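Since the structure is predicted, the reported quantities are computational estimates derived from the model, not experimental observations. When a residue number appears, it is its place in the shown sequence, counting from 1.
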Amino acid sequence: MRTRDFWAAIVLITVSVFFLWKTLDIPLWGENRAGVSGSDWYNSAAIVPLFIFGGLLVLSFVLLAISIRSGGAQNALSAVRIGWDKSEAYRASTIGLILLAYVFGLVPRVDFILCSGLLITALTYGYYGGHARRALVACFAVIAAGLFAFIGFPAQMDWNAHGDDWFTLILWIVLTLLVLAKATTERVLRYVPLVAILAPLILVCAMAFVFRQNVPARGGLIFKQIEYHYYVTLRPLWKE
């Protein structure tokens, strides 16, 4: 596993550096690049990707250091073959399908809180403990939501419709009930619903209201209400 961690860290470092390099094309300090003028730094579209891929780069170096200390680098460099088996192929392929459905089917169309909550719940439920059947159920749930959104709402003009939001919410509730059923014997799973709600909620609110960034599916079922009450109910309180 530490050998695979070594190779994974190398890949993640490469990806992080590449996207950090591309992010530098976005105006950050008010300059003009490629006809795009920047304003104040805290309004720059570069802030969020810089934080995300900068954090990923730091974590990748941490993973690399752990793998080196544990002998993973030595094994990786001395062995021609890393090794592969059916269970590993099954795990990698199902995770790949989940991420594919999330990125291309859900994120552009479905409320960010809903689709990210479903993703967090599915990945934790499906892959904590190494249960193949649970991984299949989690994979099916995310793919079903992604296909429903992709096929049912292919055009961008339909992305603010809430049919796919409700379908994703139903699947998320069903998967959460399965998580809570298993939480009686696996205590870690008790925290999954809380993390699945708070993590995307905090992220999307920080992107929209702190860093002033555009967020995916801005007219989504939940974020639309958050945005309305922020500008109509909360913001006038401190403006006055």
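- The closest side-chain heavy-atom distance from Ile13 to Leu56 is not below 4.5 Å.
- Val11 and Phe61 fall within a single hydrophobic cluster, where Ile, Leu, Val, Met, Phe, Trp and Tyr are joined by side-chain heavy atoms under 4.5 Å apart, directly or via other members.
- If you take CG on Leu99 and CD1 on Ile95, they are separated by 7.5 Å, rounding to the nearest 0.5 Å.
- Hydrophobic cluster membership differs between Val192 and Leu180, with clusters built from Ile, Leu, Val, Met, Phe, Trp and Tyr side chains linked at under 4.5 angstrom.
- The line from CE of Met207 to CZ of Phe223 is 9.0 Å long, rounded to the nearest 0.5 Å.
- Under the 4.5 Å side-chain heavy-atom criterion for grouping Ile, Leu, Val, Met, Phe, Trp and Tyr, Val107 is connected to Leu123 within one hydrophobic cluster.
- Side-chain atoms of Ile98 and Ile143, non-hydrogen and from C-beta on, never get closer than 4.5 Å to each other.
- Hydrophobic clustering places Leu118 together with Val103 (ILVMFWY residues linked when any side-chain heavy atoms are closer than 4.5 Å, directly or through intermediates).
- Between Leu20 and Pro49, the closest heavy-atom pair is CD2-O, 4.5 Å.
- By the 4.5 Å heavy-atom criterion applied to side chains, Ile170 and Ile173 are not counted as neighbours.
- The structure places CG of Leu57 at 11.5 Å from CG of Leu50, a figure rounded to the nearest 0.5 Å.
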**Asked** Can Val15 and Phe19 be said to form a side chain to side chain contact (heavy atoms under 4.5 Å, CB included), step by step?
**Response** CA-CA 6 Å; Val15 170; Phe19 281 107; 3.6 Å; yes
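- With hydrogens and angles disregarded, no donor-acceptor distance shorter than 3.5 Å links the side chain of Arg109 to the backbone of Ala217.
- The heavy-atom pair separating Gly126 from Ala138 by the smallest distance is CA-CB, 3.9 Å.
- In terms of heavy-atom proximity, Ser16 sits nearest to Ser60 at OG-OG, 4.2 Å.
- Contact between Tyr102 and Ser116 at its shortest, heavy atoms only, is OH-OG, 2.7 Å.
- Between Thr184 and Ala181, the closest heavy-atom pair is OG1-O, 3.1 Å.
- For the pair Thr124 (side chain) and Thr121 (backbone), a donor-acceptor distance under 3.5 Å is absent.
- Side-chain contact between Leu221 and Val110: absent, with no pair of heavy atoms (C-beta onward) separated by less than 4.5 Å.
- Taking each heavy atom of Lys182 and Leu189 in turn, the nearest pair found is CB-CD1, 3.6 Å.
- Under the rule for a side chain to side chain donor-acceptor pair (under 3.5 Å), Gln225 has no partner lying at least two apart in sequence or in another chain.
- For Asp111 (side chain) and Ile222 (main-chain N/O), a donor-acceptor pair under 3.5 Å exists by modelled atom type.
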**Item:** Trace of the side chain to side chain contact (heavy atoms under 4.5 Å, CB included) decision for Tyr127 with Thr94
**Value:** CA-CA 10 Å; Tyr127 300 95; Thr94 51; 2.7 Å; yes
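- A 4.5 Å side-chain heavy-atom check between Glu227 and Arg218 finds at least one atom pair inside the cut-off.
- A donor-acceptor pair is defined here as one N or O able to donate and one able to accept, closer than 3.5 Å; no such pair exists between the side chain of Ser70 and the backbone of Ser67.
- A cation-pi arrangement is present between Arg134 and Tyr125, with the terminal nitrogen or guanidinium carbon under 6.0 Å from the aromatic centre and inside a 45° cone about the axis.
- Separation of atoms CZ (Phe104) and CG (Leu147) is listed at 13.5 Å; rounding is to 0.5 Å.
- Of the inter-residue distances, the one linking Leu119 atom CG with Leu106 atom CG reads 8.5 Å to the nearest 0.5 angstrom.
- In this structure, Ile226 and Leu201 have side chains that are in contact, with non-hydrogen atoms separated by less than 4.5 Å.
- For CZ of Phe167, the number of neighbouring non-hydrogen atoms (other residues, nucleotides, ligands) closer than 6.0 Å is greater than 12.
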**Request:** Go through Val210 and Cys205 one step at a time and tell me if the side chain to side chain contact (heavy atoms under 4.5 Å, CB included) criterion holds.
**Result:** CA-CA 7 Å; Val210 178; Cys205 288; over 6 Å; no
**Request:** Kindly determine whether Arg187 and Arg190 satisfy side chain to side chain contact (heavy atoms under 4.5 Å, CB included), including the steps that lead there.
**Result:** CA-CA 6 Å; Arg187 298 185 61 184; Arg190 297 178 184 179; 3.7 Å; yes
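- Taken together through direct or relayed side-chain contacts under 4.5 Å among Ile, Leu, Val, Met, Phe, Trp and Tyr, Tyr191 and Ile202 form parts of separate hydrophobic clusters.
- Counting heavy atoms from C-beta outward, Leu59 and Leu63 have side chains that stay 4.5 Å or more apart.
- Counting heavy atoms from C-beta outward, Trp172 and Ile197 have side chains that approach closer than 4.5 Å.
- In this structure, Phe211 has its ring center closer than 6.0 angstrom to the ring center of Phe51.
- A donor-acceptor pair under 3.5 Å is formed between the side chain of Tyr90 and the backbone N or O of Ala132.
- The environment of Tyr231 atom OH is dense: over 12 non-hydrogen atoms of other residues, nucleotides or ligands sit within 6.0 angstrom.
- The line from CD1 of Ile113 to CG of Leu169 is 11.5 Å long, rounded to the nearest 0.5 Å.
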